[in-house]
Amino acid sequence: MTWNRRTFLGTGAAVVAAPHVLAEGQGKPRVVVIGGGAGGATAARYIAKDSEGMIDVTLIEPTRTYFSCFFSNLYLGGFKAIDDIGHTYGALAAAHGINVVHDWAVDVDRAGRTVTLAGGGVLGYDKLILSPGIDFVDGAVEGWDISAQNRMPHAYKAGSQTELLKAQIAAMPEGGTYAMVAPPNPYRCPPGPYERISMVAHVLKASNPTAKIIVADPKPKFSKMALFEEGWANHYPGMIDWIGEEFGGGNVSVDPGAMTLTIDGDETAVDVCNVIPAMKAGRIAEIAGVTDGNWAPVNAADMSSKADPDVHVLGDASQQGDMPKSAFSANSQAKACANAVRGALTGSKVFSPRYSNTCWSLIAAGDGVKVGATYEATEEKIARVDGFISQPGESAELRQATYEESEGWYAGIIADMFG
């Protein structure tokens with residue numbers, strides 16, 4: 001399939017019964033969306049666009065420029081400039097009348113249906129959509145906490161952290177060592193850890209060919225593992241040392257001051273250390289009281305919280321079933337959620353959700369691979385229906401076409417998010 005703007009705008013589904021309309025005399029219904037990424041921006045845009053002014057939509061996002069985690073690895077690899085992955089919110093306000101508020105949401109009162117902002121403002125809502133992405137689990141990597149992020153960056157929230165990691169890679173001494181502490185499942189992807197390793201290797205192969213890469217991984221295997229291992233052997237032979245669970249990859253500590261990584265008792269001096277800790281739902285979901293453990297359980301049909309039917313949780317923060325924590329997933333979930341929210345507030349038709357996901361990864365110039373699936377909403381979860389994955393040994397022409405497909409998808413999802 002060729003991915004472009006039409007691909008995103010052309011998805012449809014079968015009609016189901018329309019829910020109730022907001023009670024007469026209550027005024028224009030209000031939707032507040034927290035988080036302006038692939039889930040939140042898409043949901044806000046679709047609700048505003050499709051309701052044609054019948055719903056008041058406010059999008060709360062602290063940053064004025066959104067740097068996409070997806071394709072941020074390509075910036076590290078030199079295939080993209082930082083401006084290529086940076087996008088603003090002006091069109092959402094100008095074209096769709098969305099009230100874009102650049103502030104932090106610091107509290108949610110579900111009983112009173114209000115959101116409090118760091119600047120002191122309080123917003124009322126009839127429906128609340130949370131799409132806050134991820135935060136990190138405290139103590140997940142011994143020796144590291146968020147105060148060490150400038151010494152050992154995570155670069156898992158794109159922007160300044162990604163620029164910092166790129167600068168550190170460029171400053172590595174000849175023959176130096178780049179280390180990654182990979183995250184346990186489940187984790188946000190993209191920016192995929194193993195695509196990142198590929199992009200770092202691509203840069204070092206050209207600028208620092210005697211450098212080494214160490215990956216300490218608490219998992220015994222990872223998505224597209226055979227494809228990455230084939231690609232690393234073909235493009236970066238001898239450069240990458242992946243240390244999985246069996247060989248101590250889960251028994252890891254770091255010392256940011258000394259710039260050391262210890263794996264199963266064996267200490268190594270490193271020049272760059274990219275620490276990607278275990279993840280959890282963004283903090284506002286916990287504050288709102290819709291998490292159970294690290295994630296926020298939701299109903300598959302409309303992404304509504306299992307704790308509150310007037311709160312919906314999208315993307316990385318949600319515990320929804322079989323879909324990965326990807327931008328494609330968040331965008332797919334957002335459109336189903338937007339349709340359900342609009343139906344609940346205006347009585348418009350609600351469609352049966354159709355969920356899908358594809359994750360592309362670039363291993364080297366022109367060597368793109370992918371994995372994906374379609375899903376359906378069941379009573380228990382979003383369940384996988386069928387899927388596909390690139391195969392080892394594919395032709396260079398097919399791998400090039402896969403990369404070009406990912407470029408088309410990027411243009412399509414950005415248009416779908418921001419208009």
Side-chain angles (χ1 to χ4, degrees), residues 71-80 155 165-166 169-170 172 174-185 187 189-250 252 261 263-264 266 268 270-274 276 324 358-372 387-407:
F71 273 45
S72 64
N73 285 335
L74 274 64
Y75 162 69
L76 292 176
F79 292 91
K80 299 290 178 186
L165 183 58
K166 185 178 178 73
I169 295 165
M172 282 176 59
E174 183 178 353
T177 300
Y178 173 100
M180 172 187 284
V181 178
N185 292 323
Y187 60 90
C189 182
Y194 312 101
E195 180 188 58
R196 177 171 292 178
I197 290 299
S198 303
M199 292 296 93
V200 172
H202 172 77
V203 169
L204 294 178
K205 181 179 179 179
S207 64
N208 193 348
T210 59
K212 296 294 182 182
I213 296 173
I214 300 171
V215 186
D217 202 329
K219 303 182 293 298
K221 59 182 180 179
F222 54 86
S223 177
K224 302 194 287 288
M225 185 171 182
L227 295 167
F228 280 111
E229 289 184 332
E230 175 193 57
W232 294 344
N234 289 340
H235 300 293
Y236 317 114
M239 181 178 280
I240 300 166
D241 185 12
W242 179 80
I243 302 170
E245 178 187 48
E246 182 180 358
F247 298 99
V252 171
L261 167 69
I263 303 174
D264 208 22
D266 185 11
T268 302
V270 298
D271 300 289
V272 177
C273 193
N274 175 202
I276 309 173
T358 302
C359 288
W360 290 268
S361 298
L362 188 62
I363 299 176
D367 191 354
V369 296
K370 64 181 178 180
V371 62
F388 57 87
I389 186 170
S390 297
Q391 296 299 307
E394 290 175 335
S395 69
E397 292 77 13
L398 180 55
R399 293 294 180 85
Q400 176 66 33
T402 298
Y403 170 66
E404 292 172 359
E405 182 181 271
S406 74
E407 289 277 9

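- Judged by distance alone, the side chain of E229 and the main-chain N or O of L227 form no donor-acceptor pair under 3.5 Å.
- The shortest non-hydrogen separation linking N208 to E174 is OD1-CA, 3.4 Å.
- Among all heavy-atom pairs drawn from G192 and N73, the shortest one is O-ND2, 3.0 Å.
- Here the CG-CG distance, from N274 to L76, works out to 8.5 Å after rounding to the nearest 0.5 Å.
- Taking both residues in full, the closest heavy atoms of S406 and F71 are given as O-CZ, 3.5 Å, listed atom of the first, atom of the second, then distance.
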Intermediate values then yes/no, side chain to side chain contact (heavy atoms under 4.5 Å, CB included), V270 and V272: CA-CA 6 Å; V270 298; V272 177; over 6 Å; no
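- Using a cutoff of 4.0 Å between basic side-chain nitrogens and carboxylate oxygens, K221 and E246 are not scored as salt-bridged.
- I243 contributes atom CD1, which lies 7.5 Å from atom OG1 of T268 (distance to the nearest 0.5 angstrom).
- Summarising the geometry of M180 relative to R196, their closest heavy-atom pair is CE-CD, 3.7 Å, with the distance given to 0.1 Å.
- Summarising the geometry of I263 relative to F247, their closest heavy-atom pair is CG2-O, 4.4 Å, with the distance given to 0.1 Å.
- The two residues E195 and S361 make their nearest non-hydrogen contact at OE2-CA, 3.3 Å.
- A donor-acceptor distance shorter than 3.5 angstrom exists from the side chain of K166 to the backbone of Y75, with no hydrogens or angles considered.
- Taken from OG in S72 to NZ in K80, the straight-line distance is 12.5 Å, to the nearest 0.5 Å.
- Put simply, the side chain of K224 never gets that close to the backbone of V369: no donor and acceptor are under 3.5 Å apart.
- Here NZ of K205 is found 8.0 Å from CE of M239. Values are rounded to the nearest 0.5 Å.
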Worked check of side chain to side chain contact (heavy atoms under 4.5 Å, CB included) between Y236 and I197: CA-CA 10 Å; Y236 317 114; I197 290 299; over 6 Å; no
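- Not a single donor-acceptor pair under 3.5 Å links the side chain of R399 to the backbone N or O of I363.
- Formation of a donor-acceptor pair under 3.5 Å by the D271 side chain with backbone atoms of T177 is found in this model.
- Checked against the 6.0 Å centroid threshold, F222 and W242 count as a close aromatic pair.
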M199 vs F79, side chain to side chain contact (heavy atoms under 4.5 Å, CB included): CA-CA, chis, key distance, verdict: CA-CA 9 Å; M199 292 296 93; F79 292 91; 3.6 Å; yes
Test side chain to side chain contact (heavy atoms under 4.5 Å, CB included) applied to Y187 and I276, step by step: CA-CA 9 Å; Y187 60 90; I276 309 173; over 6 Å; no
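- The distance from the CD atom of E407 to the CG atom of L74 is 7.0 Å, given to the nearest 0.5 Å.
- A side-chain donor-acceptor contact under 3.5 Å links K219 to the backbone of P183.
- In this structure, the side chains of I240 and Y194 stay at 4.5 Å or more apart for every pair of heavy atoms.
- Summarising the geometry, atom OG1 belonging to T358 is positioned 11.5 Å from atom CD1 belonging to I389; distances are rounded to the nearest 0.5 Å.
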